[in-house]
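In what follows, every heavy atom counts, from backbone to side chain, and hydrogens, waters and symmetry copies are set aside.
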Amino acid sequence: MNNLQSISFFYPELILTVVILSAIIFDLFIDKTKSWKVGWVLVVGLVFVAIAIHLQNGFRITTLFTDAIVLDPFSSFFKLIIILATILVSIVSLYSGELDEYSKGEYFSLLGIISFGLFLMVSSIDLIMIYISIEIVSIMSFILAGYLKKNARSNEAALKYVVYGAFSSGIMLFGMSYIYGLTGSTNIFQIQQALSMLDSSSSAAVTLAIVLLLAGFGYKISAVPFHYWTPDVYEGSPLSITAYLSVAPKAGAFALM
């Protein structure tokens with residue numbers, strides 16, 4: 001399905017985009033002492049997004065944006081999990097005293113952007129879209145991990161998260177480049193067909209590509225033995241962000257894998 005045709009099926013993500021922009025603009029026009037109200041903009045907006053996804057479940061399974069993402073019940077189920085996690089963490093953050101010294105408008109806007117990245121992550125069937133969605137989630141997570149700017153542990157958490165995140169992205173991209181070189185495609189279904197037709201001389205390169213790709217994903221989801229960064233990052237991040245990072249991005253990554 002081409003890009004113009006795909007837009008009519010992409011309306012939950014478009015609604016989420018409007019919610020994120022509304023949260024950012026609303027934060028610009030209110031007093032900083034009342035920036036917590038942005039959280040309710042995000043929560044109410046996510047409820048409408050969840051309704052849109054529920055209404056979308058009756059649609060046929062199809063691919064969108066020239067086979068970059070897929071619309072199916074599997075991705076819709078994980079999108080609802082992501083919305084639920086984001087709403088719960090947003091409500092907890094509204095009543096958490098941990099963020100009282102900081103403006104909360106940007107905080108909730110970043111949570112909305114992470115949700116959008118996770119939506120793309122659970123729907124992606126193209127290596128380029130997979131990487132873009134992972135980086136959207138990762139970069140926003142780096143910022144939120146270090147949101148407590150006056151806290152040395154939070155600064156340390158953000159720095160370590162950036163270093164390990166950049167390292168894992170490089171490894172993952174290296175593996176993806178091997179896969180593209182072997183198959184000539186970035187679509188995972190075409191990759192599957194191309195790999196099945198390769199002869200035994202390519203097995204070493206295929207194995208190396210899979211190892212690099214799994215190592216990159218392993219860092220992202222804190223899978224053993226790539227989990228050593230996790231305790232420091234989770235300890236230094238705001239409590240609500242630690243809870244969020246341990247649920248929503250993990251669910252998105254497992255759905256992607």
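Each of F48 and V38 belongs to its own hydrophobic cluster when Ile, Leu, Val, Met, Phe, Trp and Tyr are linked at side-chain heavy-atom distances under 4.5 angstrom. The hydrophobic cluster containing L55 also contains L46, counting ILVMFWY residues as joined when their side-chain heavy atoms lie under 4.5 angstrom apart, directly or transitively. One hydrophobic cluster, built from ILVMFWY side chains closer than 4.5 Å, cannot hold both V92 and V89; they sit in different ones. I191 and V206 fall within the same hydrophobic cluster, where Ile, Leu, Val, Met, Phe, Trp and Tyr residues are linked whenever their side-chain heavy atoms come under 4.5 Å apart, directly or through other members. Hydrophobic clustering (side-chain heavy atoms under 4.5 Å, transitive across Ile, Leu, Val, Met, Phe, Trp, Tyr) keeps V44 apart from I91.
For the pair I134/M172, a side-chain contact is recorded, criterion being any heavy-atom separation below 4.5 Å from C-beta on. Side-chain atoms of E106 and I143, non-hydrogen and from C-beta on, never get closer than 4.5 Å to each other. Looking only at side-chain heavy atoms (C-beta outward), L144 and S237 stay at 4.5 Å or farther from each other. Proximity of V122 to F74: side-chain heavy atoms (C-beta onward) are nowhere separated by under 4.5 Å.
Atoms OG1 and CE, on T183 and M197 in that order, are 10.0 Å from each other to the nearest 0.5 Å. The NZ atom of K149 lies 11.5 Å from the CD atom of E101; values are rounded to the nearest 0.5 Å. Taken from CE in M176 to CD1 in I130, the straight-line distance is 5.5 Å, to the nearest 0.5 Å. Taken to the nearest 0.5 Å, the CG atom of D27 stands 13.5 Å off from the NZ atom of K34. Atoms OG and CG, from S35 and L28 in turn, are 11.5 Å apart once rounded to the nearest 0.5 Å. To the nearest 0.5 angstrom, D72 atom CG is 10.0 Å from T62 atom OG1.
Applying the 6.0 Å contact sphere to OH of Y164 captures no more than 12 heavy atoms from other residues, nucleotides or ligands. Taking a 6.0 Å sphere around CD1 of I128, one finds it holds 12 or fewer heavy atoms contributed by other residues, nucleotides or ligands. The environment of F9 atom CZ is dense: over 12 non-hydrogen atoms of other residues, nucleotides or ligands sit within 6.0 angstrom. Environment of OH in Y180: sparse, with no more than 12 heavy atoms of neighbouring residues, nucleotides or ligands closer than 6.0 Å. Counting non-hydrogen atoms of neighbouring residues, nucleotides and ligands closer than 6.0 angstrom, the CZ atom of F77 reaches no more than 12 such neighbours.
Using a distance-only test at 3.5 Å, with no hydrogens or angles considered, a donor-acceptor pair links the side chain of S169 to the main chain of G165. Side-chain atoms of S123 never come within 3.5 Å of backbone atoms of L120 as a donor-acceptor pair (strictly under, hydrogens ignored). For S154 (side chain) and K150 (main-chain N/O), no donor-acceptor pair under 3.5 Å exists by modelled atom type. Of the possible donor and acceptor atoms, one in the side chain of S141 sits under 3.5 Å from a partner among the backbone N and O of V137.
Ring planes of F174 and Y178: perpendicular class, angle over 60° (limits at 30 and 60°). Between F226 and Y219, the angle of the ring planes lies from 30° to 60°, which puts this pair in the tilted group.
Residues S222 and W229 come closest through the heavy atom pair OG-CZ2, 3.2 Å. Across A85 and V247, no two heavy atoms sit closer than the pair CB-CG1, 4.1 Å. Taking each heavy atom of I136 and G117 in turn, the nearest pair found is CG2-CA, 3.8 Å.
Between the side chains of N187 and S185, not a single donor N or O lies within less than 3.5 Å of an accepting N or O. Between S240 and Y107, the side chains place a donor N or O and an acceptor N or O closer than 3.5 Å (distance only, hydrogens not considered).
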I'd like to know whether L118 forms a side chain to side chain contact (heavy atoms under 4.5 Å, CB included) with M121, so could you lay out the CA-CA distance, the side-chain angles of the two residues, the decisive distance to 0.1 Å, and finally the verdict. CA-CA 5 Å; L118 289 170; M121 189 185 292; 4.2 Å; yes

Is there a side chain to side chain donor-acceptor pair (under 3.5 Å) between D126 and T186? Walk through the geometry before answering. CA-CA 5 Å; D126 186 273; T186 56; 2.7 Å; yes

Please evaluate residues Y244 and T86 with respect to the criterion side chain to side chain donor-acceptor pair (under 3.5 Å), reporting the C-alpha separation (whole Å), side-chain torsions for both, the decisive distance (0.1 Å), and the verdict. CA-CA 7 Å; Y244 190 70; T86 308; 2.8 Å; yes

Hey, mind stepping through S93 and K104 against side chain to side chain donor-acceptor pair (under 3.5 Å) and telling me if it holds? CA-CA 9 Å; S93 300; K104 295 182 180 180; over 6 Å; no

What verdict does the ring-ring contact (aromatic ring centres under 6.0 Å, His included) test give for F65 and F10, after you've listed the backbone C-alpha separation in whole Å, the side-chain angles of each residue and the deciding distance to 0.1 Å? CA-CA 10 Å; F65 301 108; F10 200 61; 4.9 Å; yes

Run the side chain to side chain contact (heavy atoms under 4.5 Å, CB included) test on I69 and T63 for me, step by step, so that the C-alpha distance in whole Å, both residues' side-chain angles and the decisive distance to 0.1 Å come before the verdict. CA-CA 6 Å; I69 62 174; T63 58; over 6 Å; no

What's the verdict on side chain to side chain contact (heavy atoms under 4.5 Å, CB included) for L245 and I241, showing C-alpha distance, side-chain angles and the deciding distance? CA-CA 6 Å; L245 293 178; I241 293 303; 3.7 Å; yes

Check the pair L214 / M257 against side chain to side chain contact (heavy atoms under 4.5 Å, CB included), numbers first and verdict last. CA-CA 9 Å; L214 290 178; M257 291 180 71; 4.1 Å; yes

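Among pairs with a residue in residues 245-257, none fulfils salt bridge (charged side-chain N to carboxylate O under 4.0 Å, His left out), at least two apart in sequence or across chains.
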Got a list of side-chain donor-acceptor pairs under 3.5 Å for residues 11-24, not counting sequence neighbours?
| unit_1 | atom_1 | unit_2 | atom_2 | d |
| --- | --- | --- | --- | --- |
| E13 | OE2 | K79 | NZ | 2.7 |
| T17 | OG1 | E13 | O | 2.8 |
| S22 | OG | V18 | O | 2.7 |

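Taking the charged nitrogens against the carboxylate oxygens, K160 and E235 have no contact shorter than 4.0 Å, which rules out a salt bridge.
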